[in-house]
Amino acid sequence: MTDDLLERSPVHALLADGTTVCIRPATSGDHDRLKRFYDEMSSENLRLRFFSVSRRSAGMAADRACAPARPGYRALLAETRGRVLGLAEYDTGGEKDAAEISIAVADGLHHRGVGTLLVEHLVSAARADGITTFTADALSENREVLRLFADLGLRTSRRFEGPETRCTIHLDEDDAYLSAVESRGRSADVASLRPLLCPEAVAVVGAGRTPGSVGRAILHHIHTGGFTRRLFAVNPSVASILGVPCYPSVSALPRTPDLVVVAVPAAAVPATAEECGKAGVRALLVVTSGLDAEQAQELRTACRTYGMRMVGPNCLGISHTEPGLRLDATFADGHPRPGSAGVAVQSGGIGIALLDGLSRLGIGVSTFVSLGDKYDVSGNDMLQWWETDGRTDLALLHLESFGNPRAFSRTARRVARRMPVLTVDAGRSAAGRRAAASHTAAAATPTVTRRALFTQAGITATSSVGELLEAAALLYSQTLPEGNRVAIVTNAGGAGVLAADACAEAGLALPPFTPTMIDELLAVLPDGATIGNPIDATAAVTEEQLTDCVDALMEYPGIDAVLVALVPTALATATGDHLVRALTGAPGRRPKPVLAVRLEQDLPVKLLSAADAGGTIPAYAEPQAAARALARAADRAAWLARPAGTVPALDDVDTERAHAMADAHLAAHPDGGWLAPRTCADLLACYGIPQIPWTWAETEDDAVRAAERLQGADGRVVMKAHWPGLVHKSEERAVHLDLRGEPQVRAAFRDLEARFGDLMTGVVVQSLARRGTELFAGVVQDEVFGPLVLFGLGGTATEILADLPQSRLRSTGGTPIARLAPLTDHDVHDLITSPRCAPLLFGTRGNGPVDLEALEQLLLRLSRMAADLPQLAEADFNPVLATPGGVTVLDARVRLLPRRPQDPYLRRLR
């Protein structure tokens with residue numbers, strides 16, 4: 001079984017220097033080019049590859065790579081514009097799980113990552129084919145190839161045999177290998193983005209002579225924004241526009257631009273991209289919208305053929321405020337101020353709103369990119385750029401779709417350890433998802449899936465642009481709280497009540513003060529002050545008194561943040577600059593976050609500063625906004641404080657048998673479908689998932705004998721009808737409970753047989769489960785995100801999850817929570833502790849806790865099954881019975897579809 005993407009079409013990826021290459025299987029049509037590839041090799045390169053300088057060996061290698069496909073052999077080549085840059089092969093030689101590998105790279109292309117990239121793709125293909133080990137022989141003096149193997153990130157051993165070294169490379173995928181691949185990918189990605197974001201020369205194609213065109217607006221923005229490098233316009237009708245020299249074509253420019261802004265009609269975009277590629281342009285910014293499918297494909301093809309990175313189409317533009325560059329290639333109103341916030345959006349309108357909001361707050365921008373329809377450059381690219389640019393310390397995203405969410409998740413959780421990553425959770429409703437799909441021409445992401453991604457990656461997700469700006473103001477200006485305990489200080493009791501309600505609703509705690517702390521606060525506040533939580537400092541509080549109060553709270557270990565809610569009064573002196581000085585302290589930022597609520601404020605959120613104060617404070621017009629922002633800061637602090645989770649090792653897992661069962665089922669049912677009860681039980685057994693004892697029966701007598709074998713001490717059993725495609729037995733009234741003795745068993749079988757006739761293929765007879773907590777656990781395989789594990793209360797009531805298309809999973813306790821597989825130990829903890837059923841699991845009303853370790857194991861094993869089997873479209877364990885003595889699946893359904901595995905971490909462009 002091979003990676004489906006590699007089988008269907010060539011894959012494009014980046015070399016270490018940021019250039020694009022095509023990786024694809026060698027075919028019979030490549031023979032002449034491969035022969036030429038070897039013929040052009042130096043004698044020394046041939047000797048290191050073949051251990052001799054014989055041209056005959058080179059010819060035989062070309063013959064082997066281009067021979068008809070055969071089991072156990074694979075050859076991948078790297079090429080650009082028809083030229084072969086490298087070739088990597090493996091051959092099992094008849095072995096089941098081991099293969100010998102060889103690599104050849106063209107002269108002059110060493111140290112650019114050609115061989116490493118080919119080996120990464122070969123490793124991915126080999127894993128899909130069941131190969132677990134590579135071996136390779138190399139001359140001991142061939143340090144380059146030995147270093148390549150050593151630096152892969154895979155477990156490697158060497159054995160010296162005279163002048164040769166035999167390397168054994170174990171293909172286990174672990175975090176060390178993924179981290180090594182990520183590191184190489186990040187370096188290559190950042191290098192590829194430099195011509196786009198740090199160009200030495202820019203040309204605008206489509207700038208008209210008359211005002212009003214997008215191209216002219218962008219040209220004007222670049223020209224007036226202080227761009228310090230070379231700027232050209234392409235227009236055959238005039239000599240200059242806005243003082244910028246014009247040329248008739250890209251090829252006629254006095255130097256090849258690194259970046260070309262394409263603002264021509266949709267029909268002209270493919271030809272313009274082709275011209276740019278032939279001229280050697282490295283990056284495109286395509287602002288044009290309305291491309292049809294053919295034009296879009298031609299644009300993509302030109303970019304990949306000529307190795308150009310692209311932002312857009314259908315976008316607002318890009319801006320990079322780095323001193324000495326100052327590139328503002330947008331048609332927004334005004335120029336963003338320089339700063340440290342990185343912004344990437346799919347919607348140009350959202351981009352304008354964010355730039356405007358950040359400007360009002362006084363937060364400058366390091367890089368702004370409007371991704372548009374996101375044919376190439378994505379949010380993942382921008383996260384990697386901000387991670388390494390040395391200027392960005394706050395990342396703001398608005399993404400309506402995800403191209404490679406699992407790679408995005410790994411990148412985001414790494415970046416989020418270094419800086420806050422905030423996003424607007426767009427498309428939460430069905431209508432919003434339809435609009436997003438229409439807007440970006442990409443598949444909309446189900447809400448529960450997207451939220452799982454954000455939670456696991458440490459991304460701060462907000463519901464609106466306004467909420468994003470609220471959170472950004474706090475995270476930009478204040479330290480993170482160590483917990484969720486808040487002290488409220490106010491000069492008006494009513495404002496304090498509103499603030500207290502808002503904090504409680506946001507999940508923040510308002511702890512009481514100790515007697516010692518009460519005395520300390522009373523000593524610094526005016527007469528009449530009330531020390532509860534909120535603290536009513538009275539309308540007469542002065543700047544000095546407010547400063548002393550906040551100073552004392554900063555030293556008090558019982559709280560993590562201070563919220564000051566002030567209203568203007570005739571007596572108040574702690575307003576304006578006085579308020580800033582009181583709350584920021586000297587010389588600047590406090591050791592705990594401090595934020596203000598000013599009910600009279602004209603804007604939802606401001607960053608307040610004073611000339612003689614060393615910092616800024618966020619001030620909110622509504623206490624709910626302040627509380628929301630603080631709660632999100634507390635969530636981020638908790639995420640940072642928790643170490644990264646690990647995927648626990650599991651025993652008693654038979655992955656090979658599970659794969660064989662899935663393959664056998666799909667061979668018999670090419671279109672896939674729900675597994676029969678016995679097959680389903682066998683599959684669960686491969687992963688050690690506990691099931692209640694049951695027996696299959698096809699006749700009335702078989703059902704009676706099954707009941708006699710299974711009946712417990714009380715003699716009761718359950719009978720469930722079955723036929724292919726039956727999912728919800730309760731809706732069909734296909735279940736009989738609490739059957740006692742032979743007469744009731746026979747009557748139940750006859751009833752089912754009479755109602756369902758030939759449709760019914762048999763019944764499942766089960767022991768009647770004892771009392772316990774009924775839970776739900778399930779999996780949905782998302783086409784883009786991969787497997788999603790869901791958990792919640794179980795049973796037989798509620799509606800199908802509205803935002804999981806094609807899913808038939810159910811829950812009685814409200815929508816289950818979800819995490820993307822494979823689950824870590826932290827993910828499992830979150831699943832168990834988050835849903836409404838948590839009190840039932842941990843014990844309540846005198847009942848002891850259920851077997852939590854067994855429940856964790858069930859979720860981990862379900863996750864492992866989903867991660868192992870891409871064919872697993874969905875699994876539904878409902879109910880799962882949890883008791884203090886263990887966890888048992890009472891009813892399980894599994895649906896398989898004919899899907900091939902894809903490596904989400906393999907380096908490849910969109």
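In this chain, numbering begins with 1 at the start of the sequence shown.
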Q) Under the side-chain contact (heavy atoms from CB on, under 4.5 Å) criterion, do F791 and V828 qualify, and how do the steps go? A) CA-CA 10 Å; F791 177 70; V828 170; over 6 Å; no
Q. To the nearest 0.5 Å, what is the distance between CZ (F368) and CG (L358)?
A. 10.0 Å
Q. Does one side chain, of T392 or S366, offer a donor that lies under 3.5 Å from an acceptor on the other?
A. yes
Q. Between atom CG of L259 and atom CD1 of I318, what is the distance when rounded to the nearest 0.5 Å?
A. 5.0 Å
Q. Is the backbone N or O of T616 less than 3.5 Å from a side-chain atom of Q478, with the two atoms forming a donor-acceptor pair by type?
A. yes
(Q) Closer than 3.5 angstrom, by distance alone: can the side chain of Q601 be matched with the main-chain N or O of A619 as a donor-acceptor pair? (A) yes
Q) Which is it for D381 and S378 under the side-chain hydrogen bond (donor to acceptor under 3.5 Å, both in side chains) test, yes or no, and what are the steps along the way? A) CA-CA 5 Å; D381 293 300; S378 66; 3.2 Å; yes
Q) Is the backbone of H220 close enough, under 3.5 Å, to the side chain of T224 for a donor and an acceptor to pair up by distance? A) yes
(Q) Does the Lys NZ or Arg CZ of R406 fall within the cation-pi geometry relative to F785 - under 6.0 Å from the ring centre and within 45° of the axis? (A) no
**Q.** Side-chain (D825) to main-chain (G645) donor-acceptor, under 3.5 angstrom
**A.** no
(Q) What verdict does the side-chain contact (heavy atoms from CB on, under 4.5 Å) test give for V424 and S463, after you've listed the backbone C-alpha separation in whole Å, the side-chain angles of each residue and the deciding distance to 0.1 Å? (A) CA-CA 6 Å; V424 178; S463 299; over 6 Å; no
Q: Locate the shortest heavy-atom distance separating T321 from R391; write the atom from each residue and the value.
A: OG1-NH2, 3.0 Å
Q) Does S464 offer a backbone N or O that forms a donor-acceptor pair with the side chain of T462 under 3.5 Å? A) yes
Q | Approximate separation, where rounding is to 0.5 Å, of L608 CG and L595 CG | A | 11.0 Å
Q | Taking every non-hydrogen atom, the tightest pair across V343 and W386 | A | N-CZ2, 3.2 Å
Q: Answer whether the closest heavy-atom distance between the side chains of P195 and E200 falls below 4.5 Å.
A: no
Q. Where is the tightest heavy-atom contact between A502 and A627, given as atom of each residue plus distance?
A. O-CB, 3.4 Å
**Q.** Of E120, E173, H121, the residue whose pairing with D903 passes side-chain contact (heavy atoms from CB on, under 4.5 Å)
**A.** E173
Q | Atom pair CG (D328) and NE2 (H221), whose distance is rounded to the nearest 0.5 Å | A | 4.5 Å
Q.
Does any part of the side chain of P199, heavy atoms only, come nearer than 4.5 Å to the side chain of R229, both counted from C-beta?
A. no
**Q.** Side-chain heavy atoms of R910 within contact of Y375, under 4.5 Å
**A.** no
Q: Would you check if V365 and H320 make a side-chain contact, meaning some heavy-atom pair closer than 4.5 Å?
A: no
Q. Is it true that atom CG of D333 has more than 12 heavy atoms of other residues, nucleotides or ligands lying nearer than 6.0 Å?
A. no
(Q) Can a donor-acceptor pair be found, under 3.5 Å and without considering hydrogens, that links the side chain of S863 to the backbone of P822? (A) no
Q) Can R194 and D17 be counted as an ion pair, charged N to O under 4.0 angstrom? A) no
Q: Considering non-hydrogen atoms only, spot the tightest contact between D830 and I817 and give its length.
A: O-CD1, 3.4 Å
Q: Work out which heavy atom in A631 is nearest to a heavy atom in L508; give both atom names and the distance.
A: CA-CD2, 3.8 Å
**Q.** Close side-chain approach of T460 and V421, heavy atoms under 4.5 Å
**A.** no
Q) Salt bridge between R414 and E182, side-chain N to carboxylate O under 4.0 Å? A) yes
Q.
So, taking the atom named CZ in R628 and the one named CD in E467, what distance separates them when rounded to the nearest 0.5 Å?
A. 4.0 Å
Q | L820 and L453, any side-chain heavy atoms less than 4.5 Å apart | A | yes
Q.
Could you check whether any side-chain heavy atom of V269 comes within less than 4.5 Å of a side-chain heavy atom of Q295, counting everything from C-beta outward?
A. no
Q) Just by distance, do the side chain of S183 and the backbone of S179 share a donor-acceptor pair under 3.5 Å? A) no
Q. Given T824 and H829, is the side-chain contact (heavy atoms from CB on, under 4.5 Å) satisfied, shown in steps?
A. CA-CA 9 Å; T824 67; H829 177 268; over 6 Å; no
(Q) If the threshold is 4.0 Å, N to carboxylate O, is there a salt bridge linking D376 and R300? (A) no
Q: Test T19 against L14 for side-chain contact (heavy atoms from CB on, under 4.5 Å), laying out the working first.
A: CA-CA 6 Å; T19 57; L14 298 171; over 6 Å; no
Q: Could you tell me which non-hydrogen atom of A16 sits nearest to which non-hydrogen atom of A191, and how far apart they are?
A: O-CB, 4.0 Å
Q) Can you tell me if N380 uses its side chain to pair, donor with acceptor, with the backbone of T411 under 3.5 Å? A) no
(Q) For a 4.5 angstrom cut-off between non-hydrogen side-chain atoms, does R309 reach S192? (A) yes
Q.
For R451 and T455, which I'm curious about, is there any donor-acceptor pair between the side chains at under 3.5 Å?
A. no
Q) Hey, does the side chain of R418 reach the backbone of E387 with a donor-acceptor pair shorter than 3.5 angstrom? A) yes
Q: Look at the side chain of Y620 and the backbone N and O of P604, then say whether any donor-acceptor pair between them is shorter than 3.5 Å.
A: no
Q: Hey, could you give me the CG/CZ distance between D782 and R450, rounded to the nearest 0.5 Å?
A: 11.0 Å
Q) Under the 6.0 Å and 45° cation-pi test, does R417 pair with W639? A) yes
